[in-house]
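Predicted model only: the values in this text are computed from it and were never measured. When a ligand or atom number is given, it counts from 1 through the structure's own listing order.
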Amino acid sequence: MNKESDQQTLSQQIRLEEIRLLYGGTPFSYTAAITIAIIIYLVLDGHVASQLNLDIWLATILGVMLIRSLDSFLFSRQSIESQKQQHWRTRFFYGTGIAGFCWGLLPWLGYSPEVEYFAFIIVCLVGVISGSLSTLSYRWETMALFLLPASLMLVFRLLLEGQTFSNATSVVLGVFIFFSMSAGKRVFNNTQQNIRLRIEADNRERAIELMHQKQALHLQNTPLAIIEFDIDFTISEWNKAAEDIFGYSREEALGENIMRLILTRDSSSEAERLWERLLNYEAIIGTVIENKTRGGGSITCEWFITPLTGDNNQIVGIAAMALDITEKRQNELAILKSKEEAVKANQAKSDFLSSMSHELRTPLNAILGFTQLLKYEKTLSEKQQSHVAEISSAGNLLLELVNQILDLARIEKGHLQLSIEKVNLSDVFTECRSMILPLAEKNHLKVNIETSIDGYVTADYTRLKQVMLNLLSNAIKYNVKNGSVSLKVKQHDRGIVRISIIDTGIGISKEQLKEIFQPFNRLNAACNIEGTGIGLSISKQLIEMMQGTIGVSSVINEGSEFWIELDGSLARPDSTGEEAVDDDTPGDLKVNGNGRRILVAEDNPTNQTLILNQLEALGYKADLVANGKEALKQMTDTDYQLLITDCNMPLIDGYRLARTIRERGNHDLPIIALTADAFPEKKNDCLSAGMNDQITKPVDLDTLRGTLEKYLS
Ligand code: ADP
């Protein structure tokens, strides 16, 4: 399409050029024609058959010449656009035809009976015809229109004579016409070709010039510094952007050594390496170099450098473009720095949270441990028992907070490991039901949990239970009197199981729903319901770690539905019955110690008292030492059936103590670690030091009893 329109434009240009050349030749050819006509008239004057006819001929030819001259004058005054119009060609063609006819009239109107004068007419006409070829051959048709009437009318006149001489002359003239026409055609073809070539060359030149102009404009306005230098590093090109970036004007920079001008000392070795690559004809793309400016400032530039080669493929210079990226670099560095700082701050926060929760465990151990002992004290009044219950509940809430903070910190640090497996829904539901029933009863709520479910989900058993207990206890806490809590499960989508916990409670507003999974977001903090505000945030992170999703829908004053979606299936027929509800009423604690002695290694005085009291309450006899060194000594004097040891103690800690006992060949003594760290890694440390088990502080009496029975039975 483009090629076609290019061709069209080219032929238009050629036609314009033709008509301009045709009209352009008229001043000379018309002057010559008028002169020749007058001379012919003067020569023939008095020698013609009819003087009147000769006068008419002269008047006619001069009239035609005059009109044509006027036409030429008008053409020369036109704009290029109007010269392109077709009517100028038509007018010129008509004019030429008429002029040819007028010259053809000469042998008829200017006929001379004297042979030499008639021969003169022939010579003059042949001359005029020959002369016209040079000015009319720009267009083949114009040549024919002039030449044919002028020559053929002469030929006819000669044939009319009917003499040998005139017949012969007419034949010669015929041959002359034929050769003139074919010569004219050749001239026309060549002229056409020349015009075409010249126009094409002109067009090319104009396009190149336009391109140069555009390039110059681009070079001038681009934000890229464009620099050229030869192999001696002498600058030969320096655009406006180079002036702006490096501070040197074009005049100052041209002829200077580029290395000295803008290269910093620190970058010189890098520049040498780049130079080596350029000498190997390698283009350099996007290399970042530190440069200096006229004012001595340091800037960072990104360079694109190409070697320029000469005729014999020798490198003759270098073309380089540079972009000032100082600001971009600084921004990137600032972003990187603030990112690092944010990561550090987050790390510090997580460290702080985990160490704080660890530190809190030691005093909590004493509070919860002694409270639990007090619960079994028969001498306390009812009022005192209720105070003890308050302390126990507050302590447990604090412990829950500590555990949750610890979880949050571990999730954020990426330290929380999950063990993903197929979890039997019936098992989790049964356990959860039995754990929340007492709370629900206390709040007078109906609990609908179907525990015989055939199905499984892909999850971490303990953590799924943790999430469900959190959702269930929320459904109880944020419920209304005589309300209900239901647990429903359904195959939501192919391979996805949805567990829903539905309550008839106070509900959550639309605005609050948006931020419900944010940590420390206690929407109902004002209504005196105990809570920490991080349970849902942990639940969300845990479920996402199990590749599941958690969500909520709620209507204020009607209730809420919290749901979890996990990979799984309800198709597996596998169900267990419901578990009996745990009774929290304190009974008889004492077990039959059978005189078995326990050694306790603990350095903290409060914890010492607590563990001794706990062991006594459970019916065990125990000796106490304050560190590992004392424990080793004590064990040489007395035979013990079990060792309970704190992990962090002075002189010899719990780990070294266990390791030494095992190294001395005592592999039978059960060693139980007491640790304030709830991390599973800690348990591994204990086991690899040679201990048998680990109890996490705060020490729960039931856990302690269970563990001791396990190792002493
Ligand atoms: P909390 O320890 O405060 O219960 P969560 O993270 O478990 O912390 O819950 C965050 C907040 O979301 C709660 O303080 C409560 O305002 C709101 N919430 C959670 N579950 C429910 C529910 N079932 N009904 C109404 N509000 C709820």
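- One distance of note links CD of Q694 with CD1 of I672; it measures 10.0 Å at 0.5 Å rounding.
- With a 4.0 Å heavy-atom cut-off, ligand 1 is reached by the side chain of N470 but not by its N, CA, C or O.
- Every atom of ligand 1 with a heavy atom of L536 under 4.0 Å away is listed here by number and element: 5 (P), 6 (O), 7 (O), 9 (O), 10 (C), 12 (O), 19 (C).
- Using a 4.0 angstrom heavy-atom cutoff, K477 counts as in contact with ligand 1.
- Residue D503 holds the heavy atom nearest to atom 23 (N) of ligand 1 of all those in T504, I502, L471, D503.
- The backbone N or O of G548 sits nowhere less than 3.5 Å from a side-chain atom of D567 that would complete a donor-acceptor pair.
- Heavy atoms of other residues, nucleotides or ligands lying less than 6.0 angstrom from CE of M545 number more than 12.
- Shown in contact with N474 at under 4.0 Å from a heavy atom are these atoms of ligand 1, numbered in order with element: 4 (O), 5 (P), 7 (O), 9 (O), 19 (C), 20 (N), 23 (N).
- Checked against I501 for a side-chain contact (heavy atoms from CB on, under 4.5 Å), the options N470, L471, I449 give a single hit: L471.
- Closest approach of L368 to P698, counting heavy atoms only: CD1-CG, 3.6 Å.
- Contacts of I508 with ligand 1, taken as heavy-atom pairs under 4.0 Å, involve the side chain alone.
- The existence of a salt bridge linking R656 and D653 is excluded, since no basic side-chain nitrogen approaches an acidic carboxylate oxygen closer than 4.0 Å.
- Residue contact check for ligand 1: F517 places no non-hydrogen atom closer than 4.0 Å to it.
- For a threshold of 3.5 Å applied to N or O pairs, the pair formed by I516 and ligand 1 contains no separation below that value.
- A salt bridge links K540 with E544: the distance from a Lys NZ or Arg NE/NH1/NH2 to an Asp or Glu carboxylate oxygen falls below 4.0 Å.
- Ligand 1 has no nitrogen or oxygen under 3.5 angstrom from a nitrogen or oxygen of S537.
- No N or O atom of I506 sits closer than 3.5 Å to an N or O atom of ligand 1.
- Listed by chain and number, the residues in a salt bridge (Lys or Arg N to Asp or Glu O under 4.0 Å) with R659 amount to none (sequence neighbours excluded).
- By the 4.0 Å heavy-atom criterion, S560 is counted among the residues contacting ligand 1.
- The option with the heavy atom closest to atom 1 (P) of ligand 1, from among G533, S539, S473, is G533.
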